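Working notes, beginning with the structure itself.
Just so you know, these numbers come straight off a predicted model, no measurement behind them. Each chain gets a letter, A, B and so on, in the order its sequence line appears, and its residues count up from 1.
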Amino acid sequence: MKKQDTENLYLNFFNHSVDLLCITDNEGTLIKVNPQWPKTLGYNLAELEGKKITEFIHPEDKDKTLAIFNNTKIGNISHIYINRYKSKDGLYKVLEWESCRYGKLWYSTAHDVTERIYVEQKLKESEDKYRSIVENSLAAIFTIDENFRFIYGNDELCNVSGYSKKELAGMDFRKLISPASLEIVTDRYIRRQKGEKIPQRYEIEIICKNGQKRIAEMLVSVIKDSGGKPRSMGQLIDITESKKSEIALKESESRLRSFIDESSEGIVIINEEGVIEEWNKSAEKTIGIGRNQAINKKWWDLYYFMHPSAKLKNGSKSILEKKVKESIKTGILQVPASGEFQIIHKSGKIRHISQTLFIIKSVKGNRIAGIITDITDRKNAEDELKRSRLLTDALFESIPGLVYIYNQKGKLIKWNQRHITETGYSAKELQNKNIWDWFIPGGADTKIIKTARKRILKEGLSSSEAYLTKKNGEKALYLFNTALTKIAGERYYAGVGLDITESKKAHEELEYTKTILSAAFMQTPIPMVLVNAEVNRIMLTNDAAAEFLGIKDEPKKIGKSLSEIKPSWRDFDENGNEIPLLEMPLAKALKGIETKGKEFYIKRKDGSIRWESVSSSAVRNSRGEIIAGYLVFPDITEKKEAEQKFKQLVDLQQTILDTTNFGILYLKNRKIQWGNRAFYNMYGYEHDEIYNKEVSVLYAEPPDYKKVGNLGYTLLAKGDVFTDEMKALRKDGDRFWATIHGKAIDPLNINEGTIWVIMDTTEQRLATEKLRESEELYRKLAETSPYGIFLTDLKGNVIFCNRQMAELIGYESADSMLNVNALDVIDPDDHLCVITEAKKLLSNQNSGPEYFTYLRKNNTRFTGEYYGTLIHDSKGMPYAMMGMVNDVTEKKKAEEALLKSEEYLALAQQTAKIGNLELNIETETGYFSDQFYKLFGFNKEEGPPKLNQFLKALHPDDRHIIIETVASENRYDHSWTVNYRSNPEHGPIRYFHSITRMLCNPVDKSNTLFATIQDITEQKKAEEEIIKLNLELEKKVEERTRKLNELNKDLEAFAYSVSHDLRAPVRHIDGFVKMMFSRLNKPDDTITNYFSKITSATERMSDMIDSLLSFSRLGRTVLKFTDIDLEQMIKEIIELFKPDIGKRIIIWKISSLPIIKGDKNLIKLVFENLISNAIKYTTGKNEAIVEIAAGTETESHYEFFVKDNGTGFDMNYSGKLFGVFQRLHDAEEYDGIGIGLANVKQIVAKHGGTVRAEGKINEGAVFYVTLPK
Amino acid sequence: MENISRILYVEDNINDVELTLAAFKESNLINHVDLVHDGEEALDYLFYRGKYTHREKSDPAFVLLDIKMPKLDGIEVLKIIRSSEEYKNLPVVMLTSSKLETDVYKSYETGANGFVVKPIDFNEFITAIKGIGYFWAILNTTPNK
């Protein structure tokens, strides 16, 4: 063949090959591909040639492919290999390759095996799947041939049969079937082979390799193998277990059935429809509804068995239905899972029922099962228990201590409220308390409790005291009484704890006191014995007692009776009589008879005598019963001996002492012990009366007693003698002066006593006193004498002079007159006379009165009346001259004046027509003044008229007046004022006023009539005139009053009119203006201003009307007079104004004011007005001063004033002040309407007083008010 | 409305009438106020005489009676009201400008149930009328005839 032809042939072959052909170089670059490439992979040639072949290979296959290329040697052909190439549509084609290398080029063929590989893969997957199904099937799967031989059996068949796969292979299938099933299996097998249609599934019994029989469900089908031979394929499912459980279930169901039937609890089962499926016998019994009645009923229809109260709780039937259905649907109970309620049993009785519901999730769906129990008995028991618990609790709480129950572990499981109040722990805290928490771990108390617990376990109960720690850390002592109880086999400690801290403390204190006391008792140096009253035995005695009784060395005395130890000594009373046992103070004490300080003595065994001061008393318990007798017997032997010694001493000295005039007194502790006769005489006491009495009875003045006690005894204690003078008091109350001298018997021990010598110094004292008194008297006389008194020596030099004398002569003091010669102060003209007088004196004649002219120091003179006396000394020798001088200048003048005045008197009598007379009634003689003669027209020349004549001169009707006066029994008692007239026969009647007095001469018993007689004719006439005038006046007054009443009525009418008629228009103005204003739309400021002006004007008008009315009413008020404490009233008024004053400072000066008479309300109004004004008009003052005081008082009137330092006023207008509506000030400045002072004036005038005011602008005002007393 | 009793107001002064009615209005009292102008007319009203012969039968809740009036004055009217069987218990409140004690005394002596002095301040007057209205028309009860 030609090369060309060959090439063409190859080219054709190359171009038409169904395989993919390609030439690549060593780098894998596609140099040439045949057309199959684009066909298979979908690229055009240009997209392939020149590209690297690796670009198309699946990334997972790249390495594999490259490895083949690298491992193929030149000239060799590679293995066939498969890789995946990416086609243009993105899917991979599976290509099977063969490549060979020639030189630098590779020649490769590939064909598309994608389909084949895909099918293979699918098949494999399927086969794998089935195989694994068969292999892993839970059913035993097998195939057998027509001769019953096993062809295949899976693992499960091995499991079920117990044969291995090897054994099974070729084994007769029938060997596996039990004889019981063999027939049916064989029969069916043959019939199936024949193509009969028989049930595929049936139950057979198989025999396992180990001979065990199992039940299996077999499913058989006939298949034809690839050779067309029929094969049987079967499945065996071992149903032994499920069969068993089925049987068991059946059994269990029947068991359950009987269980349900026989259950003591009522059982109800409800299906999803609410229909009752189960209702056992107990349910029948419990509820009282029969099974037949219940089954297939809706549960809620049976609901009527419930007690109404339960129904109420569960709601209506429809709600229950809804809830039940919901519960079953959701599997969650919508009704309470358990509950107790009451039903009315068929029998009609109320029973308590407990019901428990739960959901059963069964194959058939959800069910509600209910268990119903009759708990009536339990309920009753519970109630009983509850009651008994309540009782227990009450009991617990009523116990006044901690009541507790601890369990075996020591935990507090029951306690009462007291735990909380006493320990301070809360109930919650107590819940966790353990018995040991109460005590300090390891402390004494813990040990006590531990011991107690042991005892409880042994003896059943114990009582112990321990300190319990409270919450606040305090400790309290408790007495715990605890007992062991067993409840249900458990041990419990129950008991009561009582806080005995206080009682313990008290007890301990008592114990302590007892100890202290008995120690004191035992150690005291004063002998004591305490005897038990009941057994009459010595309870307690001390060493001092034994010592005293001389039985110190004898054995123990306590517990013995008195009589047992008595023989050791003998008791005697003061007088030496032995005291029988029963009369002894201790024995008496036990009978309740006290002894105090009795002095007895004992004779001790050794014969020595001891004195005792015995006191005894009974010891009583709180009920007052005698429980012991108590004897104290201090040893007084020493004292007794001393006393006796002293007595002996006294006896010895008695005689001597009694003869003295001095009082001698022995005191002990300032108590009188003994005195001598002179002492008793001096004070008037007997010894027994004042023995042992306080010496103070001898003192007249308590301060003296004190002084001696203090100062005196201080000195005595020093061993000094104390001397004093004092006023002493006798028993009969007389006082006398006593000088006392005291001395202590033993200064170091003043209690030993003091001795006093007392002298009555009254006489001596009196003499001195008298002298002193007389001296004083004279001195006083001289000092107070109206006379100038002076003494001169015999030469005339002044040796004494009183103040008056010095004054008379013009010396400044009495002393300055000393040594002045008497002649120097007397007018030289009188010297001769003076000397004559002096001589007269020296010859023991008194002189005077003599009138000398004395010279004063300032050279003026005066006439002195002089009396002189010669003074002798105590020996009777004249040593001084005394002169008494009186300035009689005035007297002389007066004497002269008197003479004149007598003349005047006569003249006066004449003028006043007063005559006077002195008439001796018996002798009818006497003196008649000139005027007397004139008055009655007697002639003086005819001598004094006789009484008879005098009477005749009188009016016949008036003569008896004189006669009666003269004859009156009590005529001497007083002056008689009588009026009588002259005898009308003697001319015009004259009237006389006479004052008469009768005096009786004590010597001759003659009666003298003294009388002054005044002619009162003129007065009489005037009086008559007055009476006449008065009568006229009364008439006038009546007339006036009538007119005034009319006026008053008019005024009343006027006031009425004012109050009614004037008020109305004012009110209308106010009303309409206000209504008008309220209707104004947005009134501007001017209108508002006008409006407020109108309103305030109406207000003011209204005020004025009201005050005018009250003013007029005031005028008609009738005064009610009472006593008014003005000062009190003023204070009240000021108090009233306090709020108006506010913070202003007003200094109130209120002097003491009297109690006046007046109408209280009105007077108050007066001062309210005045004070209010004072407050008002001092508004501007920084420091206002208001003074309210009494002014000038007259006989008839008081005057008061209210003074302020305020604005004041112009005196020119003072008259206007008190007028109605008169004001001196701007209303702008001081508000008010000007009625106040008008009221004041009116009220004061009504009281009969006056008002006035004084003032000065800016300096204040004074308002004066006078009111009658 | 028929059940709400009326108030009889006796007043001669037209200014007072106007103010008092304004005050009643202000006090929001729903009772109707029947106004008569003198004592005679008041008695005619009460005893169904003269122009009141055919007045609907009803007793007023109370009578507000001015004292000072021409013809019959308030006290005389009161006297007649009290002496009648029908009205011996009828509440009568004297309303007057006067503060005169004699008037107060006479009014109570004659049997007035109240005595009110018309305050000059209009606002106080309203308060007074309010008080009277509330007490006598609303709070007060009188014995049935």
Side-chain angles (χ1 to χ4, degrees), chain A residues 1045 1048-1080 1083 1088 1090-1118 1120 1161-1162 1233 1235, chain B residues 9-28 33 35 37-39 64-76 94-107 112 115-130 132:
Chain A
N1045 277 341
N1048 260 347
K1049 273 191 182 154
D1050 290 348
L1051 193 67
E1052 216 164 308
F1054 169 71
Y1056 186 90
S1057 154
V1058 165
S1059 73
H1060 190 280
D1061 297 344
L1062 284 188
R1063 280 170 66 89
V1066 176
R1067 197 176 62 247
H1068 298 154
I1069 293 167
D1070 190 76
F1072 288 116
V1073 166
K1074 277 188 181 144
M1075 275 163 70
M1076 183 177 79
F1077 187 73
S1078 69
R1079 275 165 181 70
L1080 283 180
T1088 309
Y1090 290 158
F1091 168 73
S1092 70
K1093 280 199 170 145
I1094 294 170
T1095 311
S1096 60
T1098 50
E1099 237 169 66
R1100 190 170 168 77
M1101 184 73 178
S1102 141
D1103 285 349
M1104 285 173 83
I1105 292 166
D1106 286 348
S1107 48
L1108 193 61
L1109 191 65
S1110 67
F1111 179 75
S1112 89
R1113 210 175 285 155
L1114 200 61
R1116 281 173 285 129
T1117 312
V1118 179
K1120 279 174 232 143
N1161 292 329
L1162 297 185
I1233 48 173
I1235 198 85
Chain B
Y9 174 36
V10 190
E11 175 66 80
D12 63 319
N13 187 309
I14 51 161
N15 285 339
D16 272 333
V17 166
E18 201 171 323
L19 289 172
T20 309
L21 291 181
F24 266 122
K25 207 172 159 193
E26 196 74 29
S27 68
N28 293 328
V33 180
L35 174 74
H37 292 97
D38 60 46
L64 204 53
L65 187 54
D66 187 32
I67 290 187
K68 207 176 171 223
M69 286 186 300
K71 298 192 222 167
L72 272 177
D73 73 15
I75 294 193
E76 284 167 309
M94 309 306 281
L95 190 65
T96 174
S97 304
S98 162
K99 242 186 203 173
L100 231 58
E101 278 153 27
T102 48
D103 277 352
V104 183
Y105 178 78
K106 258 195 252 165
S107 298
F115 190 96
V116 178
V117 180
K118 299 172 190 166
I120 283 184
D121 185 311
F122 184 57
N123 297 332
E124 284 174 31
F125 185 55
I126 291 173
T127 313
I129 289 295
K130 247 185 216 183
I132 295 168

In Å and rounded to the nearest 0.5 Å, what is the CE to CZ distance from A:M1076 to B:F122?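 Between A:M1076 CE and B:F122 CZ, I get 12.5 Å after rounding to 0.5 Å.
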side-chain contact (heavy atoms from CB on, under 4.5 Å) against B:K25, all qualifying residues, sequence neighbours excluded: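 Testing B:K25 for side-chain contact (heavy atoms from CB on, under 4.5 Å), a comparison that skips the adjacent residues, returns none.
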I'd like to check A:H1068 versus B:D16 (side-chain heavy atoms, cut-off strictly below 4.5 Å). Are they in contact?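 In contact.
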Residue list, side-chain hydrogen bond (donor to acceptor under 3.5 Å, both in side chains) with A:T1098, at least two apart or on another chain: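 Expected list: A:D1070.
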Check each atom of B:N123 against the heavy atoms of chain A and say whether the ones under 4.5 Å are side chain, backbone, both or neither.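 Looking at B:N123, backbone and side chain both touch chain A.
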Salt bridge B:D121-A:R1067, side-chain N to carboxylate O under 4.0 Å: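 Salt bridge between B:D121 and A:R1067, a charged N being under 4.0 Å from a carboxylate O: no.
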For B:I120 and A:S1102, work out which heavy atoms get closest and say how close.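 The answer is CD1-CB, 3.1 Å.
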